[in-house]
Amino acid sequence: MKSKMGNLVTGVILLILSIYTIVNELIGNDTELLFLGILIFSIAVMFLSLAYLHNQFKKKDERMKMTRERAMFYSYFAIMVYYFIFIILLGLNLINLSPIETIEILASLTIITVFLSQVVLSKIY
């Protein structure tokens, strides 16, 4: 989306949809779509972050480029930590997840980490 309002509206709609999906699955004692709700939540976080960062990313200056570069740098190491933790937990059978659930969780963590690190770094720089 190229507008701040479009990102904000999409983020709010996805946030409501994800909360509904997660609550519905928790009440029904079924975790089949729970991880899908978490993935939708991460996409909502992405759109809300883009809405927040729209004014800064609209300007193509050095500060914006540095924020994106630093965010990707820090996110890379955080994602490697996530993978390492999941490898240990799955290898030792401490958690029992299907491959699809594992991919949904890792995708959610990746999306949230990248975009929230941009928000945090935009406050710092």
Side-chain angles (χ1 to χ4, degrees):
M1 302 241 165
K2 294 196 178 218
S3 69
K4 182 176 184 175
M5 189 57 71
N7 285 329
L8 187 63
V9 169
T10 305
V12 169
I13 290 171
L14 286 173
L15 184 65
I16 292 168
L17 178 66
S18 68
I19 291 171
Y20 173 75
T21 304
I22 291 171
V23 169
N24 190 25
E25 294 303 315
L26 289 176
I27 290 174
N29 290 330
D30 186 23
T31 60
E32 186 175 317
L33 294 177
L34 178 65
F35 297 109
L36 181 64
I38 294 171
L39 187 60
I40 295 171
F41 175 77
S42 69
I43 295 171
V45 169
M46 177 187 77
F47 276 106
L48 293 172
S49 298
L50 286 173
Y52 177 78
L53 295 169
H54 179 74
N55 291 337
Q56 296 167 0
F57 284 175
K58 189 168 51 174
K59 301 177 272 186
K60 305 272 191 222
D61 59 352
E62 291 297 319
R63 185 174 153 261
M64 181 270 306
K65 290 179 185 176
M66 186 174 69
T67 302
R68 281 189 174 175
E69 289 173 4
R70 296 279 177 154
M72 292 305 292
F73 178 76
Y74 294 136
S75 296
Y76 171 77
F77 290 107
I79 291 166
M80 289 298 117
V81 169
Y82 298 153
Y83 289 164
F84 184 70
I85 289 171
F86 268 93
I87 287 170
I88 290 174
L89 292 176
L90 290 170
L92 296 175
N93 289 327
L94 296 175
I95 58 174
N96 188 17
L97 295 173
S98 72
I100 295 296
E101 292 171 342
T102 305
I103 290 171
E104 287 176 349
I105 292 172
L106 287 174
S108 299
L109 288 172
T110 301
I111 292 169
I112 289 173
T113 302
V114 168
F115 286 96
L116 285 185
S117 65
Q118 288 181 3
V119 170
V120 170
L121 289 173
S122 73
K123 287 285 198 183
I124 294 173
Y125 295 116

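All residue numbers refer to positions in the sequence shown, counting from 1. Just so we're clear, the structure is a prediction, and the values are computed from it rather than from any experiment.
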Inset, instruction - Check side chain to side chain contact (heavy atoms under 4.5 Å, CB included) between R68 and all other residues, then give those that pass, not counting sequence neighbours. - result: F57, M64, Q118
Legend entry - Criterion side-chain contact (heavy atoms from CB on, under 4.5 Å) on Y74 and V120, from CA distance to verdict: CA-CA 11 Å; Y74 294 136; V120 170; over 6 Å; no
Inset, instruction - Just jot down the side chain to side chain contact (heavy atoms under 4.5 Å, CB included) partners of K65, sequence neighbours excluded, or say none. - result: E62
Legend entry - Neighbour count above 12 (heavy atom, 6.0 Å) for I100 CD1: no
Inset, instruction - Please confirm whether the backbone N or O of N7 pairs with a side-chain atom of T10, one donor and one acceptor, at under 3.5 Å? - result: no
Inset, instruction - Only counting residues at least two apart or in another chain, list the ones meeting side chain to side chain donor-acceptor pair (under 3.5 Å) with K59. - result: none
Legend entry - Point-to-point distance, once rounded to the nearest 0.5 Å, from CG of D61 to CE of M66: 9.5 Å
Inset, instruction - Calculate, to the nearest 0.5 Å, the distance between atoms CD1 and CD1 belonging to I27 and I22 respectively. - result: 12.0 Å
Pairs of donor and acceptor atoms involving the side chains of residues 37-49, under 3.5 Å and at least two apart or interchain, shall be tabulated with distances.
{"from": "S42", "atom 1": "OG", "to": "L39", "atom 2": "O", "distance (Å)": "2.6"}
{"from": "S49", "atom 1": "OG", "to": "V45", "atom 2": "O", "distance (Å)": "2.8"}

Legend entry - For the student: nearest non-hydrogen atoms of L106 and T110, plus distance: O-OG1, 2.7 Å
Legend entry - Spacing of L15 atom CG and Y20 atom OH [to the nearest 0.5 Å]: 15.5 Å
Inset, instruction - Spell out, as yes or no, whether a donor-acceptor pair under 3.5 Å connects the side chain of Q56 to the backbone of L53. - result: no
For a quick test of your reading: what N or O donor-acceptor pairs under 3.5 Å do the side chains of residues 75-89 make, sequence neighbours left out?
{"from": "S75", "atom 1": "OG", "to": "A71", "atom 2": "O", "distance (Å)": "2.7"}
{"from": "S75", "atom 1": "OG", "to": "S117", "atom 2": "OG", "distance (Å)": "3.0"}
{"from": "Y82", "atom 1": "OH", "to": "T113", "atom 2": "OG1", "distance (Å)": "2.7"}

Inset, instruction - Please list, chain by chain and in numerical order, all residues satisfying side chain to side chain contact (heavy atoms under 4.5 Å, CB included) with N96, sequence neighbours excluded. - result: none
Legend entry - Result of checking V23, L17, T21 against I19 for side-chain contact (heavy atoms from CB on, under 4.5 Å): V23
Inset, instruction - Say whether L8 and I13 are linked into one hydrophobic cluster, either directly or through other cluster members, by side-chain heavy-atom distances under 4.5 angstrom. - result: yes
Legend entry - Counterpart residues, side chain to side chain contact (heavy atoms under 4.5 Å, CB included), relative to M72 (two or more places apart): V114
